[in-house]
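Sequence lines set the chain letters: A, B, ... in the order given, protein chains first and strands last, and positions in each chain run from 1.
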Number of protein chains: 2
Amino acid sequence: MAVVRLLVLGMVRLKGRTHGYAVHQELVAWHVETWTRVKPGSIYHALKQLTKEEKLNEVGREPSEEGPGRTLYELTEAGEAEFIQLLESALGSFDLEELGTGVAFMECLPRRRVIEILKDQHRRAMTTRNGLEAMAPKFAHVRDAPHTSDLLSLWSGSLAANASWTRSLIQRLESGAYRMSEG
Amino acid sequence: MAVVRLLVLGMVRLKGRTHGYAVHQELVAWHVETWTRVKPGSIYHALKQLTKEEKLNEVGREPSEEGPGRTLYELTEAGEAEFIQLLESALGSFDLEELGTGVAFMECLPRRRVIEILKDQHRRAMTTRNGLEAMAPKFAHVRDAPHTSDLLSLWSGSLAANASWTRSLIQRLESGAYRMSEG
DNA sequence: GTATATGTAGTCAAGTTTGAATAGTGATCA
DNA sequence: TGATCACTATTCAAACTTGACTACATATAC
């Protein structure tokens with residue numbers, strides 16, 4: 001998923017120069033496991049893959065006083081671009097794990113940009129929800145699609161709850177809450 | 001994910017003897033893409049993997065009038081057991097994709113069993129939600145965990161919405177809605 | 001002093017997902 | 001007729017996830 005890439009890029013960006021284990025520790029400190037599951041193996045894979053794509057540079061190994069040596073990574077310019085792109089796309093998603101990850105890093109974007117993306121996300125969520133509500137009556141009598149109306153209302157309710165949360169976040173941002181990036 | 005395995009097992013169970021393309025077609029007819037994404041590649045992989053685990057049997061190939069030949073599969077006894085287990089676990093999950101998949105097949109279980117599982121799921125969802133609410137004040141002032149209270153309220157709201165939907169489904173089931181499995 | 005637990009740092013194999021590619025069969029149309 | 005399009009049916013490589021394992025270092029208990 002894009003979630004792991006965003007988390008890893010974001011952490012390396014935040015720390016400037018770091019290693020896989022530290023990324024994992026920091027994610028645990030952030031309690032990311034409450035909104036998404038990120039296993040150590042995925043972190044190490046992402047580090048290698050992003051290095052292969054030249055979004056990260058491997059900048060040598062560092063000995064450690066409390067265990068084996070560590071492999072250090074740094075963000076490249078391409079990595080910075082990738083980070084921004086993944087971040088914007090995460091804030092525009094209405095998948096909870098992606099959205100949550102985007103929110104965790106939203107202060108890396110300028111306030112007005114975040115508001116813009118969230119408003120667009122809210123609009124699309126409502127459009128999708130209306131679409132679901134509209135298709136409900138059409139499938140009420142289709143035998144081969146089981147429990148379609150229940151499933152539609154499950155998704156519709158979830159979208160509505162998330163949209164309501166997004167609305168309140170937009171309000172907090174518009175009233176000046178949080179320290180955001182300049183520029 | 002367990003979602004694909006459940007969908008594939010369920011479809012093969014429903015059709016008695018079928019092939020990958022038909023499974024895909026039926027999932028499209030069910031509008032499964034509104035609540036989860038299932039690519040053809042995942043279906044074919046699941047068929048092969050489940051066959052390797054003897055949850056399915058490959059029972060030969062069938063020529064087709066409108067294209068290449070098809071590989072046919074059937075459910076084994078172990079497959080039936082696996083289906084029931086995945087189904088019960090899906091109905092007990094509060095991951096939307098899993099829960100949705102469980103609901104699509106819930107009529108394969110007896111009414112009282114489904115109610116029992118859903119009540120347990122609802123109870124656990126509420127417990128989780130209370131846990132989230134309880135941890136919110138503790139992390140309000142922790143600088144290194146960004147936007148934790150926003151993220152907690154996002155999840156909390158989502159859990160509440162799903163729990164409310166589950167409650168209403170339980171009510172419909174208790175008042176005798178839907179044709180369910182005997183036994 | 002040595003087993004044993006705990007924390008640090010990472011690798012690996014197996015399973016899974018994804019998007020693109022392959023290949024057969026009619027239907028349309030110039 | 002033969003070019004091209006759409007539908008049928010599947011395979012494949014690459015990326016990604018997962019759980020189990022390796023290996024180093026320190027503390028602690030016996």
Side-chain angles (χ1 to χ4, degrees), chain A residues 1-9 11-12 15 17-29 32-33 36-56 58-73 82 86 95 97-98 101, chain B residues 1-9 11-12 15 17-29 32-33 36-56 58-73 82 86 95 97-98 101:
Chain A
M1 229 178 328
V3 167
V4 172
R5 288 168 80 90
L6 179 51
L7 286 171
V8 167
L9 282 171
M11 281 302 177
V12 175
K15 303 224 152 199
R17 160 177 305 202
T18 190
H19 56 97
Y21 192 74
V23 169
H24 181 242
Q25 295 262 291
E26 191 67 9
L27 291 177
V28 169
V32 288
E33 78 281 358
T36 189
R37 64 272 93 104
V38 187
K39 306 292 174 67
S42 299
I43 294 170
Y44 290 108
H45 169 75
L47 287 169
K48 285 187 179 160
Q49 186 63 27
L50 288 165
T51 300
K52 192 169 144 193
E53 296 170 15
E54 307 196 35
K55 312 282 167 56
L56 294 179
E58 206 185 300
V59 291
R61 291 178 65 80
E62 180 190 53
S64 161
E65 289 171 359
E66 352 150 40
R70 307 147 167 168
T71 306
L72 297 172
Y73 296 88
E82 174 89 348
L86 288 177
D95 172 280
E97 305 193 13
E98 246 180 282
T101 306
Chain B
M1 232 177 326
V3 167
V4 172
R5 289 168 80 91
L6 179 51
L7 285 170
V8 167
L9 282 170
M11 280 303 175
V12 175
K15 303 226 151 194
R17 162 178 302 202
T18 189
H19 56 98
Y21 193 74
V23 168
H24 181 240
Q25 295 263 290
E26 191 68 9
L27 290 177
V28 169
V32 161
E33 78 282 358
T36 189
R37 66 270 92 106
V38 187
K39 306 291 176 65
S42 299
I43 294 170
Y44 290 106
H45 169 76
L47 287 168
K48 287 189 177 158
Q49 186 64 25
L50 288 164
T51 300
K52 191 167 143 194
E53 298 170 14
E54 308 196 32
K55 312 283 167 55
L56 295 178
E58 207 183 299
V59 291
R61 290 178 64 81
E62 183 190 51
S64 163
E65 288 171 359
E66 355 157 35
R70 308 147 167 170
T71 306
L72 297 171
Y73 296 88
E82 173 89 348
L86 287 178
D95 172 280
E97 305 193 13
E98 249 182 278
T101 306

For [X], enumerate each residue passing the side-chain hydrogen bond (donor to acceptor under 3.5 Å, both in side chains) test, keeping only those at least two apart in sequence or located in another chain.
X       : value
B:Thr36 : B:Glu97
A:Glu54 : none
A:Glu33 : none
B:Thr71 : B:Arg61

CG-CD distance between B:Leu50 and B:Glu82, expressed to the nearest 0.5 angstrom: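 These two atoms lie 7.0 Å from each other.
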What is the distance, rounded to the nearest whole Å, between atom [atom1] of [X] and atom [atom2] of [N]?
X       : N      : atom1 : atom2 : result
B:Lys39 : C:dA20 : NZ    : C1'   : 12 Å
B:Ile43 : C:dG15 : CD1   : C1'   : 17 Å
B:Glu82 : C:dG15 : CD    : C1'   : 14 Å
B:Leu7  : C:dT17 : CG    : C1'   : 14 Å

Can you name the salt bridge (Lys or Arg N to Asp or Glu O under 4.0 Å) partners of [X], sequence neighbours left out?
X       : value
B:Glu53 : B:Arg5, B:Lys55
A:Lys15 : A:Glu26
A:Glu65 : none

Which protein N or O atoms sit under 3.5 Å from an N or O of nucleotides 9-13 of chain C?
from, atom 1, to, atom 2, distance (Å)
C:dA9, OP1, A:Ser64, OG, 2.8
C:dA9, OP1, A:Arg70, NE, 2.4
C:dA9, OP1, A:Arg70, NH2, 2.6
C:dA9, O3', A:Gly69, O, 3.2
C:dG10, OP1, A:Thr71, N, 2.4
C:dG10, OP1, A:Thr71, OG1, 3.4
C:dG10, OP2, A:Tyr21, N, 3.3
C:dG10, OP2, A:Tyr44, OH, 3.4
C:dT11, OP2, A:Lys48, NZ, 3.1

Going 5' to 3' on DNA chain D, which nucleotide is the first and which the last to come under 4.0 Å of a heavy atom in chain A?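 The contacted stretch runs from D:dA15 to D:dT26.
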Does B:Lys52 put a side-chain nitrogen or oxygen below 4.0 Å from OP1 or OP2 of C:dG15?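 True: B:Lys52 side-chain N/O within range (under 4.0 Å) of C:dG15 OP1/OP2.
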